[in-house]
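The structure appears below as structure tokens.
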Amino acid sequence: MGVRALSRPVPRECRPNTEGDAVPSQPRASMAESSRGGSLTFGQVVIGPPGSGKTTYCHAMREFLGRLGRRVAVVNLDPANEALPCPCALDIGELVTLEDVMASLGLGPNGGLLYCMDYLAANADWLRQRLQGLRGHYVLFDCPGQVELYTHHQALKDVLAQLAKWNFRLAAVHLVDSHYCTDPGKFISVLCTSLSTMLHVELPHVNVLSKMDLIEQYGKLAFNLDYYTEVLDLSYLVDHLASDPFFRNFRRLNEKLVEVIEDYSLVSFVPLNVQDKQSMRQVVQAVDKANGYSFGDQEQRSLEALMSAAVGADFHFSSTLAVQEKYVQSQDKAVEEEVMDL
């Protein structure tokens, strides 16, 4: 029995296996090749764990870019997202919803979400047909919050590869809650997840520390903010983590995880508060540089816009310092000095 509320029958390639998990049992149906010589469409793929602020980010970015004169369209690719704060040009709910999949196939939320992404990949022609009307727009793809989709599951990666063939030039914007910086153990975990996501998704990548106005909600930062945004020498973080009796027994494991992160030397973050225009501008500059929008011909480019795409470390340091002064409370004695006194 197929999913009742679907716009088309469940394809035979995506039927539940004997263990009850819905996975494709055959190679996905062939998809149409990209059109030759079509104009480029720029945009962002907004990803990240649940609760990191992806939908809020899309809403704020839509308004911000709209004020800059860009024609922006939001595409909802989260089948579990029913309360959308802003109008969507395209909603995956027209094709499949998590609620219908769970009810029809007896799957839980995680298995149902993976099935929905497999179903979307198998029906890429549906997605392509509806994206045709968004040519000339700057597109924001609001994606689900399941981490597995960005670390090892193949379906969403296949969808993004198809978008590239259809002349979409996208950058992945990976949102992470900034308050994880206050917990060394969680921050190391965030670094590992971000690195794994960057390697799996295979898109130009911008990691963002969201909710900067709440960064110290659960504690004080052990180091200056630039230590976390630029991911500086992580051995200091391991030393700080070892001061906790629980983590002292895992020092060797943490050292090896840190070595992997530093060996790749790929992860850095841009701080963001969606209510701060200057903060939004910094993220837009980073994303425009990543997906190539700054060098496109869709609108008149000024020298300032081109130079903003070539900003260096000095600019990032000064901007991070300004964010720290605004959102991080100053202390008479830095936490790292207290650690040294122990």
Side-chain angles (χ1 to χ4, degrees), residues 43-62 64-65 74-86 88 92 98 109-110 113-114 116-117 120 139-157 159-160 163 170-183 185-215 217-218 228-229 231 261 264 266-276 279-280 282-284 286-287 290-291 323:
Q44 305 176 24
V45 178
V46 184
I47 61 179
S52 57
K54 296 183 294 299
T55 300
T56 301
Y57 170 88
C58 288
H59 178 52
M61 184 59 67
R62 174 179 175 269
F64 184 82
L65 294 177
V74 177
V75 173
N76 177 42
L77 293 184
D78 185 357
N81 195 353
E82 298 179 353
L84 300 174
C86 62
C88 289
I92 191 178
L98 178 60
N110 292 334
L113 197 53
L114 295 180
C116 289
M117 291 298 102
L120 175 63
V139 185
L140 302 174
F141 292 91
D142 186 3
C143 296
Q146 192 168 6
V147 176
E148 294 94 321
L149 295 172
Y150 316 120
T151 57
H152 60 270
H153 196 253
Q154 191 68 23
L156 186 59
K157 180 180 178 180
V159 172
L160 298 178
L163 291 173
L170 305 173
V173 179
H174 183 218
L175 300 182
V176 175
D177 267 318
S178 61
H179 69 75
Y180 288 144
C181 296
T182 61
D183 188 317
K186 291 181 180 179
F187 186 65
I188 291 178
S189 176
V190 162
L191 291 173
C192 292
T193 302
S194 299
L195 177 59
S196 178
T197 300
M198 296 175 73
L199 297 176
H200 181 73
V201 173
E202 296 181 347
L203 282 178
H205 213 88
V206 177
N207 293 303
V208 174
L209 289 177
S210 63
K211 308 177 185 178
M212 279 302 302
D213 53 324
L214 304 176
I215 185 170
Q217 182 179 8
Y218 299 107
Y228 301 94
T229 58
V231 190
I261 297 168
Y264 278 96
L266 291 175
V267 185
S268 62
F269 295 93
V270 180
L272 171 67
N273 175 15
V274 295
Q275 299 176 352
D276 187 338
S279 178
M280 291 287 287
Q282 293 169 4
V283 173
V284 169
V287 175
N291 63 15
V323 172

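Within the model, atoms OG1 of Thr151 and CG of Leu195 stand 11.5 Å from one another, a figure rounded to the nearest 0.5 Å. Note that CE of Met117 and CG of Leu77 are 6.5 Å apart. Values are rounded to the nearest 0.5 Å. In this structure, CG in Leu98 is found 8.0 Å from CG in Asp78, a value given to the nearest 0.5 Å. One distance of note links CG of Leu156 with CG of Leu149; it measures 6.0 Å at 0.5 Å rounding.
Side-chain atoms of Ser178 come within 3.5 Å of backbone atoms of Ser210 as a donor-acceptor pair (strictly under, hydrogens ignored). Listed for the Thr193 side chain is a donor-acceptor partner under 3.5 Å among the backbone atoms of Ser189. A donor-acceptor pair is defined here as one N or O able to donate and one able to accept, closer than 3.5 Å; no such pair exists between the side chain of Asp177 and the backbone of Lys211.
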Item to complete: Kindly indicate, with the supporting measurements, whether the criterion side-chain contact (heavy atoms from CB on, under 4.5 Å) is fulfilled by His59 and Val74.
Response: CA-CA 8 Å; His59 178 52; Val74 177; over 6 Å; no
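Using a 4.5 Å heavy-atom cutoff, the side chains of Phe269 and Val190 are in contact. Using a 4.5 Å heavy-atom threshold, the side chains of Val176 and Phe187 count as separate. Under the 4.5 Å side-chain criterion, counting only non-hydrogen atoms from C-beta, Tyr150 is in contact with Pro144. Counting heavy atoms from C-beta outward, Cys143 and Val46 have side chains that stay 4.5 Å or more apart.
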Which side-chain N or O atoms in residues 198-208 pair as donor and acceptor under 3.5 Å with protein atoms at least two apart or in another chain?
| unit_1 | atom_1 | unit_2 | atom_2 | d |
| --- | --- | --- | --- | --- |
| His200 | NE2 | His153 | O | 2.7 |
| His205 | NE2 | Asn207 | OD1 | 3.4 |
| Asn207 | OD1 | His174 | ND1 | 3.2 |
| Asn207 | ND2 | Ser268 | O | 3.4 |

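Applying the side-chain contact (heavy atoms from CB on, under 4.5 Å) test to Asp276 and every residue at least two apart in sequence or in another chain returns Asn273, Gln278, Ser279, Lys326, Tyr327.
Between Leu209 and the choices Thr229, Leu272, Leu175, Ile215, the side-chain contact (heavy atoms from CB on, under 4.5 Å) rule is met once, by Thr229.
Residues Asn110 and Gln146 share a closest heavy-atom pair of CB-NE2, 3.3 Å.
Within 6.0 Å of the NZ atom in Lys186, the count of heavy atoms belonging to other residues, nucleotides or ligands does not exceed 12.
Note on residues 47-58: pairs passing side-chain hydrogen bond (donor to acceptor under 3.5 Å, both in side chains), not counting sequence neighbours, are Gln44-Tyr57, Thr55-Asn81, Thr55-Asp142.
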